Amino acid sequence: MVDVRNVTKRYGGKTVLDDVSVRIRPGAVTAFIGPNGAGKSTLLSVICRLVHKDGGEVRVDGKEIGQYNHFELARKLSILKQTNQLPIRLTVRELVGFGRFPHSQGRLTKEDRRHIDEAIRYAGLEELQDKYLDELSGGQRQRAFIAMVLAQDTPYVFLDEPLNNLDMKHAVHIMQLIRRLVGELGKTVVLVLHDINFAASYADHIVALKDGRVIREGSTEDMVRTDVLQQVYDMDIPIAEFGGRKFCIYFGNVPAWKKKGSGGDE
Amino acid sequence: MNDKAKLAVLAALAIALIGIFLFTDLAGNLEYVLSRRCKKVWAIALTGATVAFATTVFQTLVNNRILTPSIIGLDSLYMLLQTTVVFLFGGFALTSMNREVRFLLSAGLMVLFAGLLYRLLFRAHERDLYMVLLVGIVCGVFFQSIASFMQKLMDPNEFLIVQDRMFASLNHPDTDVLLIATALAAFSVLACARNFKYLDAIALGRDHAINLGVPYERAIRHLFLLVAALIAAATALAGPITFLGLLVANIAHQWIHTYRHRFRLAGSMLLGVIALVGGQLVVERVFTFSTTLSVIINFVGGVYFLYLLLRENRRW
């Protein structure tokens, strides 16, 4: 259980997180949504101790993150930030091997190798495991990083915009992989998403942030509604249903000249 | 060739060069010549290994392969100190000063400066190492300007004494100083040894390192001070010598294709020893002291490094 209580973060005079309290449901996919600058990524970074908080506490399984031994915490939760550029050149397998660092501190055991093999297989990277990361496409690279997190084998996985810069096919692939982590391996996944439709289709629970506060949270069913989205994004977003799933039509009113040009029937 | 074989080749080469240095061209009183040469080889190997080690660690800390510890201005501070002593108390004061005192003064000041720089800036700027580097560069230029200003006001004869200190020289190492330098290097490496296992993960960058359980701030602080202590020891022993680090760290990186610091550190240290012993050998026996060590090393190392880069280019 990850429990965030009254967390505050300020940069200079600007309050980025203002008294945020959130409880992450175990064994589910939770999506943080909200407009740019709402504090989603900062909240994720604070929970995973990448950014120091100015107030409040983050409890993981009942213990404040500051109380943990570093390696112990790294075996509880893992985080992947949106930039997946590395300063050094590594093969996929070497990168995934780093996931075992909190467990064996650099000297891989037989047990570690088993975890690495499994993570590579799970992410569908067997063919690519000896390739260098800079030889891969964006989607393959993102999968390699997720495989590293898998090898880290933590019950809680935090992903900051895992779909950034991916095309549709790869984005869907990643989301399905994440769903399987929760369904098959029983992990708890928290992710920041920009495309509300991915949240609508794949998340169990949605937390909406705006101006550094949690303004609404609830099950996906309760959150994907025109009135809620109006409050979050200040936009009128109609919801359509197709095949039993909800879709947010967030494209707004198309200007008239565009219709004329393409339709040509006026 | 795998990494272990490459290291073995380097080790063999280093030992061979040391052997040549010690046992060829022997003339006169054997005992005297050998004990002098042993001291010299020891000083050279120590300098080469510490500079290479410090540079490799530093490049990992700042995640950048073209920076060397000289960027935080330690070389300039060393020169400023030498110049100031000559300027205020005359050249005789510097040459007649107790050598151990001079060593401890130089090394202590450099470590103190690096520590202050880190303490003041790393705290204030949300743990941004680049801010430390930037202020280090500015301080370095500042030290250099003051030093060259004083050098211009100086008596030309006194300036010669300062000039002598501007270039790395391992021609006349002093035993007592050598012992202190060895102790300083060994102590700082041992004190910092538990942080070495984090280096591989630190090379991935801050966020990944923290995610993987590295106690990032503490590790960075300790390793940064270690780098400063090693550079201070080498510089106070041999003069401004950080140029060596850039070459050997990068040649080691190009030659030993691994991210693992156990191999990279060993490789660059051996290369440092090879470069310095080989360079000194050439200076003494081929050019009979008519050129300086830095010229030889920069020339040969630079050419080899370019060759490695060009070869790499063709392969891609």
Side-chain angles (χ1 to χ4, degrees), chain A residues 9-12 41 44-45 47-52 54 65-66 68-91 93-95 97-108 132-135 145 148-149 151-152 154 156-160, chain B residues 3 56-67 122-130 193-220 222 249-250 252-265 312 315-316:
Chain A
K9 175 69 193 173
R10 278 181 291 271
Y11 282 118
S41 291
L44 212 66
S45 294
I47 297 174
C48 298
R49 49 56 176 114
L50 295 184
V51 168
H52 290 261
D54 294 318
I65 51 169
Y68 273 94
N69 165 288
H70 287 89
F71 284 124
E72 196 190 343
L73 191 58
R75 292 192 292 262
K76 285 262 186 213
L77 52 84
S78 49
I79 180 166
L80 209 53
K81 296 280 287 181
Q82 44 182 306
T83 48
N84 52 13
Q85 289 292 339
L86 284 182
I88 51 172
R89 199 157 181 262
L90 292 178
T91 66
R93 198 180 167 79
E94 285 168 347
L95 177 74
F98 267 108
R100 298 307 294 169
F101 194 78
H103 300 265
S104 54
Q105 279 123 67
R107 290 176 186 268
L108 296 180
Y132 281 96
L133 288 173
D134 52 15
E135 298 166 345
F145 277 93
M148 171 173 99
V149 166
Q152 201 174 335
T154 57
Y156 304 102
V157 176
F158 292 79
L159 305 167
D160 191 358
Chain B
D3 296 331
T56 307
V57 171
F58 185 78
Q59 291 186 340
T60 296
L61 292 185
V62 297
N63 289 326
N64 190 318
R65 272 178 57 199
I66 58 169
L67 296 181
F122 201 58
R123 287 272 168 84
H125 289 274
E126 276 277 324
R127 293 155 273 278
D128 183 0
L129 207 51
Y130 275 90
R194 69 189 174 123
N195 292 302
F196 294 159
K197 65 178 176 200
Y198 302 132
L199 282 169
D200 288 347
I202 289 173
L204 297 181
R206 179 179 180 271
D207 291 348
H208 284 298
I210 295 178
N211 172 46
L212 293 174
V214 173
Y216 190 75
E217 278 160 44
R218 196 184 68 205
I220 291 278
H222 289 177
N250 275 303
H253 192 97
Q254 292 286 330
W255 204 52
I256 304 173
H257 284 281
T258 179
Y259 64 93
R260 295 171 74 194
H261 280 77
R262 215 172 321 150
F263 293 110
R264 286 185 51 198
L265 286 171
E312 195 91 338
R315 189 158 14 127
W316 284 348

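Every chain is numbered from 1 and lettered A, B, ... according to where its sequence line falls, protein lines coming before strand lines. Computed from a predicted structure; not experimentally measured.
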Original post:
What are the residues of residues 193-203 of chain B, in order of number, with any heavy atom under 4.5 angstrom from a heavy atom of chain A?
Top reply: B:Lys197, B:Tyr198, B:Asp200, B:Ala201, B:Ala203
**OP:** With sequence neighbours excluded, tell me which residues meet ring pair (Phe, Tyr, Trp, His ring centres under 6.0 Å) with A:Tyr156.
**Re:** none
**OP:** Between chain A and each of B:Val214, B:Asp207, B:Asn63, count heavy-atom pairs under 4.5 Å; write down the option with the most.
**Re:** B:Asp207
For residues 71-81 of chain A, which side-chain N or O atoms pair as donor and acceptor with protein atoms under 3.5 Å away, sequence neighbours left out?
unit_1, atom_1, unit_2, atom_2, d
A:Arg75, NH1, A:Pro102, O, 2.8
A:Lys76, NZ, A:Asp61, OD2, 2.8
A:Ser78, OG, A:Thr154, OG1, 2.8
A:Lys81, NZ, A:Ser45, OG, 2.9

Original post:
Would you call A:Gln152 and A:Val157 a side-chain contact if the rule is heavy atoms closer than 4.5 Å?
Top reply: no
**OP:** Indicate yes or no for a side-chain donor-acceptor contact from A:His52 to the backbone of A:Arg49 under 3.5 Å, with no hydrogens or angles considered.
**Re:** no
**OP:** Quick one: list whatever passes side-chain contact (heavy atoms from CB on, under 4.5 Å) with B:Asn250, sequence neighbours left out.
**Re:** B:Gln59, B:Arg65, B:Leu246, B:Phe305
**OP:** Check the pair A:Phe145, B:His208 against ring pair (Phe, Tyr, Trp, His ring centres under 6.0 Å), reporting the backbone distance first and the verdict last.
**Re:** CA-CA 10 Å; A:Phe145 277 93; B:His208 284 298; 5.5 Å; yes
Subject >> Parallel, tilted or perpendicular: ring planes of A:Phe98 versus B:Tyr259, cut at 30 and 60 degrees >> reply: tilted
Original post:
In terms of heavy-atom pairs under 4.5 Å, which option from A:Arg100, A:Glu94, A:Gln105 contacts chain B the most?
Top reply: A:Glu94
**OP:** Can you tell which part of B:His253 gets under 4.5 Å to a heavy atom of chain A, answering side chain, backbone, both or neither?
**Re:** neither
